[in-house]
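Working notes for the structure below.
Sequence lines set the chain letters: A, B, ... in the order given, protein chains first and strands last, and positions in each chain run from 1.
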Amino acid sequence: MKLANLTGQRFKERPADCVVDSHALMLRGGFMKYVGNGIYSEFPALRRITSKIENIIRKEMNAIDGQEVLFPVVLPASLWEESGRYKSVGNELVRFKDRNGSNHVLGMTHEEAAVQLVREYAQSYTKYPFMIYQVQRKFRDEARPRAGMIRVREFTMKDAYSFHTSQEDLDKYYELCFQAYNRIFQKAGVPQVITVKSDSGMMGGSVSHEYMLLTPAGEDSIVICDECGYRSNMEAAENKVINNEGIEEELKCVETPGCKTIQDVCAFLKSDVLSSCKAVVYQKNSDDKFVVAFVRGDYEVNETKLKNIVGEEIHTAVITADDCLNAGYIGPYNFPEEAQFYLDISLKGIKSLVAGANKEGYHYTGLNLERDLENVNYVDISKVKEGGICPCCGRQSITIKRGIEVGNIFQLGTKYTKTMDMRYTDENGKTNYPVMGCYGIGIGRLAASICEECHDEYGPVWPITIAPWEVHICCLRADDEETKKTADGLYNSLLNDGIEVIYDDRKTRPGEMFSDADLIGVPIRVIVSPRNLKESCVEITTRDKSIKEMVPVEKAAGYIKDLRLKLFAEIESHVEAYKQETM
RNA sequence: CGGCGUGUGGCUCAGUUUGGCAGAGCGCUGCGUUCGGGACGCAGAAGCCGCAGGUUCGAAUCCUGUCACGCCGACCA
C-alpha cells in the first residue's frame with residue numbers, strides 16, 4: 001500500500017474536544033472520523049487494526065471449540081419480552097417500530113438471540129456443551145459517550161455464549177475462557193490487562209470477571225491489594241473497616257447553626273470526623289421514596305452496593321422544603337417514618353457519634369446506635385478507600401487505580417434458558433434447563449485502549465500483532481532516481497515475502513514523512529535516502545526507538561524479516577509467561 | 001435527566017464586551033525555491049458566522065426560542 005493512496009487525512013493540531021490521548025491520536029492519525037455523538041467510522045488504518053484484533057480473538061475462541069455465528073442487528077421485541085428485558089432494560093436499548101407497527105430493538109447484547117438460535121437444536125444432552133460466538137456491531141444508546149472510541153454508542157463486539165448441562169461443566173469452561181482471554185490480551189500486546197471481580201449488573205448471574213487495562217484515562221475504579229493480589233471493581237469491592245470505639249457519652253441535642261456539611265459540623269463541635277455520621281440521600285426510581293445511606297463522615301457511598309441491597313434502581317435525591325427530610329441535618333435518631341435508611345458498617349461499634357437531629361440547625365452528640373436505636377443492622381454500602389484494609393488478607397494495603405474495561409466474562413446460570421424456555425433431556429430422560437455463560441470483548445475499545453497504553457507524544461506505538469502494517473518505508477527524496485529505485489526494490493521484495501508494508505514515496509519533505517510515520521505508528525520503519533545510500537545503507541528503526549540500525553542495502557530485506565519475527569516472538573513470549581495466571 | 005460551557009472555511013481559533021466590508025494560522029489547488037523532524041515565496045479556491053424568529057438604516061455581535069456538540073454529575077452487559 002502506498003501512503004499517497006491511503007484514505008484518511010492526518011493533521012497536526014490536537015482537536016479541542018479530546019480529553020484522552022488515544023482519542024486525539026486516532027483522529028489526528030486518520031484512523032477514524034467522527035460521525036455523530038458516540039458514533040465513528042473507521043478509516044482503513046483502523047480497520048486493519050480491528051480486523052487483526054478480531055482474528056486474534058477468533059483464533060482463541062476457535063481453540064476452545066467456539067463456533068462463529070452471526071445474529072441480526074434488529075431483533076423483534078417479542079424475543080426480548082420472553083426474557084423480560086424488553087421492559088427491564090432502560091433507555092440504552094433502542095426500541096422502534098417497523099412499517100407494520102410492530103416493536104423491534106437494536107441488538108445491544110445477544111443472549112436472547114443466542115438462546116433463540118439453538119433452543120430447538122440442543123434438546124438432547126448429547127449436544128452439550130457448546131459455545132457460539134459472533135463478531136458484530138452493537139448499538140447502545142449510552143447516556144454519555146466519551147473519550148473517542150473508548151465509550152461509544154455503536155461498536156463492534158465479540159460476544160460468546162456457552163451452554164452446559166451442569167454448573168461444574170460451566171465452571172470448567174469458564175476457566176478455559178478465562179485463560180483464552182488472558183492469551184488474547186497478551187497477543188494484542190497489552191500484558192497490562194488484569195482481571196478483577198465485578199458486579200454482575202443487568203446480565204444477572206453470579207460469578208463474573210472484568211478485564212481491565214489500568215490507565216489513568218480509565219473510567220472504572222479498581223481496588224487492588226498490593227499484598228495478596230486481591231482485585232475488584234470498586235462497584236463490587238467489599239469494604240472492611242476497623243473503628244475506634246471511643247468513650248460512651250450521653251445523647252445530647254446541640255445547636256449547630258448553618259453547619260450543613262459534615263466538615264462544618266465537626267469543625268464547629270471540634271469533634272473527629274471519624275466519629276461522625278454522614279447522610280447521603282437517594283430516591284427509589286419506582287416511587288421516589290427516600291432512601292438514606294448513613295456512612296462514617298470520611299467515607300463515600302458505593303451506590304452499586306446500595307442499589308443491590310435496596311433491591312431496585314435508585315437515583316440521587318432532590319430534597320425540597322416540603323419533604324420529610326431536613327437537608328443538612330439528617331440523622332438516624334428520630335428518623336422520619338416516611339423514609340427508609342441503611343447504616344453502613346463503617347459506623348459499627350462507635351460509642352459516641354455526631355449525627356444530624358432531623359431538625360434545622362441541630363445535631364446530636366454522643367449517639368450510640370446500638371444503645372439508642374432498635375434493631376440495629378449494619379450493611380456494606382461504602383466505598384473502599386485508598387490505604388484501606390484488604391477484605392481478603394486483612395492488611396492495610398489497598399490502592400485504587402483507574403481502568404478501562406476491555407472485556408468481561410459472566411456465569412449467567414439459567415436466567416435466560418428458564419425465561420425463554422430452553423430445555424434439554426438428560427441421560428435419565430429428565431427435562432432440564434441448560435446453564436449459560438457469556439463472554440464479551442469490545443473490539444474498538446480494545447484498539448483505543450492499546451493506543452492509550454502504547455503511545456508517545458508523536459503518535460501510537462502499535463504492537464506488531466495488531467499494527468495496521470508491519471513495515472513503513474520512507475523514501476526521502478523520491479525525486480532522486482537511485483533512492484527511488486532502491487526504495488521501490490525493497491518495497492516489492494518485502495511485498496513478495498508477504499510482509500505488510502506501507503510505502504511513503506510522496507515527493508514531500510522529510511519532516512512531514514516522519515511525522516506521518518509517527519502518527520501511523522507502524523512498528524518497523526525503513527528510511528531510504530541519498531544520505532544513507534552514500535554509505536550503501538538504509539536506516540532501520542523501531543517505532544518505540546529501541547532499535548536504530550544502519551543496514552547495507554542488500555541485507556535490508558533479510559534484516560527486516562528477522563526483526564519482524566523477533567517482534568512477534570517477543571509478544572509470543574508474553575503469552576507463554578502468562579500461562580500460570582489463575583482465577 | 002441536572003450543572004457548566006461551546007457553536008465563525010476541512011482543522012485550531014480571533015472577532016461578540018461597545019452592532020458598521022467575514023478574519024488569521026494550518027490544510028487544500030497552481031507555480032517556483034528548498035529537502036533528515038510538519039521550510040519559504042508568489043498566486044488562488046473555499047463561509048447560510050448552528051438554525052428560526054425579533055430589535056435596528058444596518059446583526060457573527062443585542063433579544064427570544066430552538067437544535068447540536070463538549071465537559072462534570074446521574075445512568076450503564
Side-chain angles (χ1 to χ4, degrees), chain A residues 8-20 23-24 27-28 30 33-39 83 85 88-93 107-112 114 138 140-148 151-153 155 157-161 198-205 208-210 219-220 233 235 282-283 285 303-304 307 313-318 405 407-412 415-416 436-442 445 457-459 474-480 483 506-519 525 527-534 539 541 548:
Chain A
Q9 192 184 27
R10 292 164 299 283
F11 52 91
K12 221 188 302 191
E13 275 162 304
R14 182 186 174 111
D17 305 333
C18 301
V19 292
V20 301
H23 185 195
L27 288 172
R28 287 185 52 213
K33 179 159 168 142
Y34 175 87
V35 180
N37 187 10
I39 302 174
S83 68
R85 287 207 293 188
S88 69
V89 174
N91 285 334
E92 62 270 24
L93 176 64
M108 56 180 286
T109 169
H110 283 83
E111 285 76 13
E112 287 84 355
K138 303 252 186 287
R140 293 181 189 178
D141 195 1
E142 294 280 355
R144 194 153 81 80
R146 61 176 288 275
R151 187 167 203 81
V152 289
R153 296 197 295 170
F155 55 97
M157 176 175 236
K158 185 285 297 177
D159 45 326
Y161 306 90
S198 64
D199 181 74
S200 305
M202 82 170 189
M203 296 302 301
S208 62
H209 286 82
E210 288 172 339
E219 46 191 359
D220 287 286
N233 193 315
E235 289 182 347
Y282 297 89
Q283 283 174 287
N285 283 12
E303 289 166 17
T304 304
K307 184 186 78 189
E313 296 294 324
I314 50 170
H315 63 271
T316 308
V318 183
E405 182 188 343
N408 57 32
I409 55 178
F410 283 88
Q411 293 200 0
L412 292 175
K415 173 175 167 167
Y416 295 93
M436 283 176 73
C438 83
Y439 319 88
I441 294 178
R445 179 184 282 185
E457 58 182 307
Y458 305 108
C474 294
C475 175
L476 268 55
R477 302 302 307 274
D479 55 344
D480 180 89
T483 310
R506 295 173 299 170
K507 293 185 176 60
T508 184
R509 293 176 54 82
E512 190 178 347
M513 284 191 166
F514 293 144
S515 299
D516 278 346
D518 286 342
L519 263 178
R525 185 178 310 172
I527 300 168
V528 185
S529 71
R531 199 171 89 181
N532 293 341
L533 285 181
K534 262 184 206 161
E539 185 179 329
T541 61
K548 187 179 163 119

Practice prompt. Take atom OH of A:Tyr282 and atom C1' of B:C75, then tell me their distance rounded to the nearest Å.
Written response: 13 Å
Worksheet item: If the C1' atom of B:U16 is compared with that of B:G50, how far apart are they to the nearest Å?
Response: 16 Å
Worksheet item: Quick one: A:Arg146 CZ to B:C71 C1', roughly how many Å, whole number?
Response: 10 Å
Worksheet entry | Interatomic distance, A:Glu142 CD vs B:C71 P [rounded to whole Å] | 13 Å
Worksheet item: Taking the same atom, P, in B:A46 and in B:U34, what whole-Å distance lies between them?
Response: 32 Å
Practice prompt. Using atom OH of A:Tyr34 as one end and atom C1' of B:G10 as the other, report the distance to the nearest whole Å.
Written response: 16 Å
Discussion item. Quick one, A:Arg85 and A:Glu111 - any side-chain contact, counting heavy atoms below 4.5 Å?
Written reply: yes
Discussion item. Just to verify, what does A:Thr541 make a side chain to side chain donor-acceptor pair (under 3.5 Å) with, not counting sequence neighbours?
Written reply: none
Practice prompt. Look at atom CZ of A:Phe11 and say whether more than 12 heavy atoms of other residues, nucleotides or ligands are closer to it than 6.0 Å.
Written response: yes
Worksheet item: If the sugar-phosphate is the primed atoms plus P, OP1 and OP2 and the base is the rest, what is the B/S/- string for nucleotides 34-43 of chain B, using protein heavy atoms under 4.0 Å?
Response: BBBBBB----
Worksheet, complete the sentence: Atom CZ of A:Arg144 and atom C1' of B:C69 are separated, to the nearest Å, by 13 Å
Discussion item. Output the rounded distance in Å from CG (A:Leu27) to C1' (B:C11).
Written reply: 11 Å
Item to complete: In whole angstrom, give the distance that lies between atom CE of A:Met108 and atom P of B:C75.
Response: 16 Å
